[in-house]
Amino acid sequence: MNNLNLILIVNLGSTSTKIAIYKDRECIGQETIRHESDDQFHTFSDIWDQYSFRRKIIEDYVTANGYNLSDLSLIVSRGAPVKAMNSGTYRINEAMVQDAKSRKYGNHPCGVGCTIAYDIAGELGITALTVDAPCIDELIPEARYTGWKNVYRKSFYQALNQKSVGRKLASKLGKEYEEMNAIIIHMGGGMSIAAHHQGKVEDVNNGLDGDGPMAPERAGTLPVGEVLKAAFSGEYTYPQLYSMVNGKGGIYQILGTKDGREVEGMISDGNILAKEVYDSMIYQIAKSIGAAAVTLKGEVDAIALTGGLAYSSYIVSGISKWCEFIAPIHLFPGENEIESLLEGALNGMNGQWPIQEYV
Ligand SMILES: Nc1ncnc2c1ncn2[C@@H]1O[C@H](COP(=O)(O)OP(=O)(O)O)[C@@H](O)[C@H]1O
Ligand SMILES: CCCC(=O)OP(=O)(O)O
């Protein structure tokens with residue numbers, strides 16, 4: 001084992017910044033900063049404009065815990081939307097950061113997180129790592145094709161939490177992850193519904209780019225004809241239209257908030273539109289679960305609900321109403337992405353896992 005000491009872990013979600021400091025395996029501090037109700041957060045028109053805002057939060061957190069950045073010996077970040085990768089631990093390198101910045105493979109704050117980790121590590125002369133990046137690709141061939149030549153479906157999802165919940169669910173069922181068939185639903189600012197077949201995610205919606213259910217800040221699958229009309233209406237630039245798919249789409253576009261708790265408050269106050277839209281999101285999630293059951297040929301050991309929205313009993317009971325006939329439903333609200341990042345990074349640093357090089 002290398003002589004590790006202070007480890008900074010950062011996880012930039014679309015609606016949150018999650019940070020932790022570890023001294024080897026001992027947690028010194030962990031915090032989730034939520035941004036749904038932060039006015040400054042909503043002034044950024046592009047994800048990359050958030051760089052200084054998010055970096056300051058991270059640096060202030062280190063200082064608030066009584067450390068200087070120069071005390072750090074390792075930085076770990078959730079992975080970025082880049083080329084397809086293997087499961088496991090990777091060094092964050094220049095090629096990865098350049099691909100994230102190009103937006104060619106998608107655009108998500110976790111790309112900004114990787115860049116902040118890489119920049120701070122570079123300034124300090126230490127290593128930056130990432131684990132189970134969102135572009136892990138294990139899709140079966142049938143899941144890849146679309147009706148357009150040379151346009152393929154991409155595997156892009158909350159892989160870090162999906163894999164971690166997969167292992168926890170398997171242990172709860174008394175099985176190995178590699179023996180289990182499960183449908184896992186991550187419900188955060190974006191959403192992924194994944195068919196885990198004996199240790200591999202054989203199909204999953206692209207949680208970023210207009211595929212799957214609508215989500216607090218994402219449009220999900222849209223009628224293509226309407227998208228074409230909007231694209232050629234002259235009313236929108238490409239960045240404006242893209243932000244309506246990812247960032248300012250979904251619940252946010254219709255109801256003006258990305259916060260599930262606020263939507264539920266609107267419903268309690270009798271807002272009919274809020275109820276219809278939220279129920280529609282739940283119905284779309286349920287239909288995706290049905291599709292994942294087909295990928296698993298009906299042999300589903302369990303369904304697991306995770307992510308911030310899994311704290312909501314409204315959402316859990318809504319999904320259960322549509323889907324409990326498929327398999328028993330287990331709850332893993334929130335995520336333990338920070339712990340999974342730590343585990344993968346330590347496995348890499350102590351030589352149990354290879355540290356893979358992104359090219
Ligand atoms: N108790 C709750 N009830 C309803 N929604 C919640 C609750 N807690 C968190 N959420 C919602 O979960 C979503 C964020 O989930 P999270 O997994 O933290 O996402 P991200 O990583 O994208 O920031 C937000 O829409 C947030 O408002
Ligand atoms: C779909 C990939 C990552 C993602 O959307 O994460 P958040 O829900 O945390 O934004």
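In this chain, numbering begins with 1 at the start of the sequence shown. Atoms within a ligand are numbered from 1 in the order they appear, just like the ligands themselves.
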Any atoms of ligand 1 less than 4.0 Å from a non-hydrogen atom of [X]? List them with their elements.
X	result
Gly189	19 (O), 20 (P), 22 (O)
Tyr311	1 (N), 2 (C), 8 (N)
Lys258	24 (C), 25 (O), 27 (O)
Ser14	22 (O), 23 (O)
Asp259	27 (O)
Thr15	14 (C), 19 (O), 20 (P), 22 (O), 23 (O)
Pro216	25 (O)

Inset, instruction - Compute the shortest N/O to N/O distance between Ser16 and ligand 1 and return yes if it is under 3.5 Å, no if not. - result: yes
Inset, instruction - Please say whether Gly188 places an N or O atom under 3.5 Å from an N or O atom belonging to ligand 1. - result: no
Legend entry - CG on Leu129 to CD1 on Ile9, rounded to 0.5 Å: 10.5 Å
Legend entry - Within-cut-off N or O pair, Gly190 and ligand 2, under 3.5 Å: yes
Inset, instruction - Please say whether Tyr157 places an N or O atom under 3.5 Å from an N or O atom belonging to ligand 2. - result: no
Inset, instruction - Might you confirm whether atom CG of Leu228 has over 12 heavy atoms from other residues, nucleotides or ligands at distances under 6.0 Å? - result: yes
Inset, instruction - Check the side chains of Asn5 and Ser73 for a donor-acceptor pair under 3.5 angstrom, ignoring hydrogens and angles. - result: no
Legend entry - Side-chain H-bond candidate by donor/acceptor type, Ser192 with Gln158, under 3.5 Å: yes
Given side chains that start at C-beta, do those of [X] and [Y] come closer than 4.5 Å, heavy atoms only?
X	Y	result
Thr130	Thr89	no
Leu341	Leu160	yes
Asp99	Lys83	yes
Val204	Ile193	no

Should you measure from each heavy atom of [X], which atoms of ligand 2 turn up under 4.0 Å away?
X	value
Gly13	9 (O)
Gly189	8 (O)
His108	3 (C), 4 (C), 5 (O), 6 (O), 7 (P), 10 (O)

Inset, instruction - Classify the ring geometry between Tyr152 and Tyr145 as parallel (under 30°), tilted (30 to 60°) or perpendicular (over 60°). - result: perpendicular
Legend entry - Plane angle bin for His35 and Phe41 - parallel if under 30°, tilted between 30 and 60°, otherwise perpendicular: parallel
Legend entry - Residue selection (non-hydrogen contact nearest atom 9 (O) of ligand 2) among Gln158, His186, Arg78: Arg78
Inset, instruction - Please work out which of Thr306, Thr32, Leu309 has its closest non-hydrogen atom nearest to atom 11 (C) of ligand 1. - result: Leu309
Check [Y] with [X], please: is the shortest side-chain N to carboxylate O separation under 4.0 Å?
X	Y	answer
Lys18	Glu335	yes
Glu299	Lys297	no
Lys258	Glu217	yes

List the closest protein heavy-atom neighbour of [atom]: residue, atom name, distance to the nearest 0.1 Å.
atom	answer
atom 2 (C) of ligand 2	Phe156 CE2, 3.4 Å
atom 26 (C) of ligand 1	Glu36 OE2, 3.1 Å
atom 14 (C) of ligand 1	Arg34 NH2, 3.3 Å
atom 17 (O) of ligand 1	Gly308 N, 2.9 Å
atom 21 (O) of ligand 1	Lys18 NZ, 3.4 Å

Legend entry - Ring-face cation of Lys172 near Phe332 (centre distance under 6.0 Å, axis angle within 45°): yes
Inset, instruction - Would you check whether Arg218 reaches within less than 4.0 Å of ligand 2, judged by its heavy atoms? - result: yes
Inset, instruction - Check if Arg261 has a non-hydrogen atom at a distance under 4.0 Å from any atom of ligand 1. - result: yes
Legend entry - His35 touching ligand 1 at heavy-atom level, < 4.0 angstrom: no
Legend entry - ligand 2 versus Lys258: contacting region, heavy-atom distance under 4.0 Å: neither
Inset, instruction - Might you point out which heavy atoms bring Leu173 and Ala302 nearest each other, and give the distance in Å? - result: CD1-CB, 4.0 Å
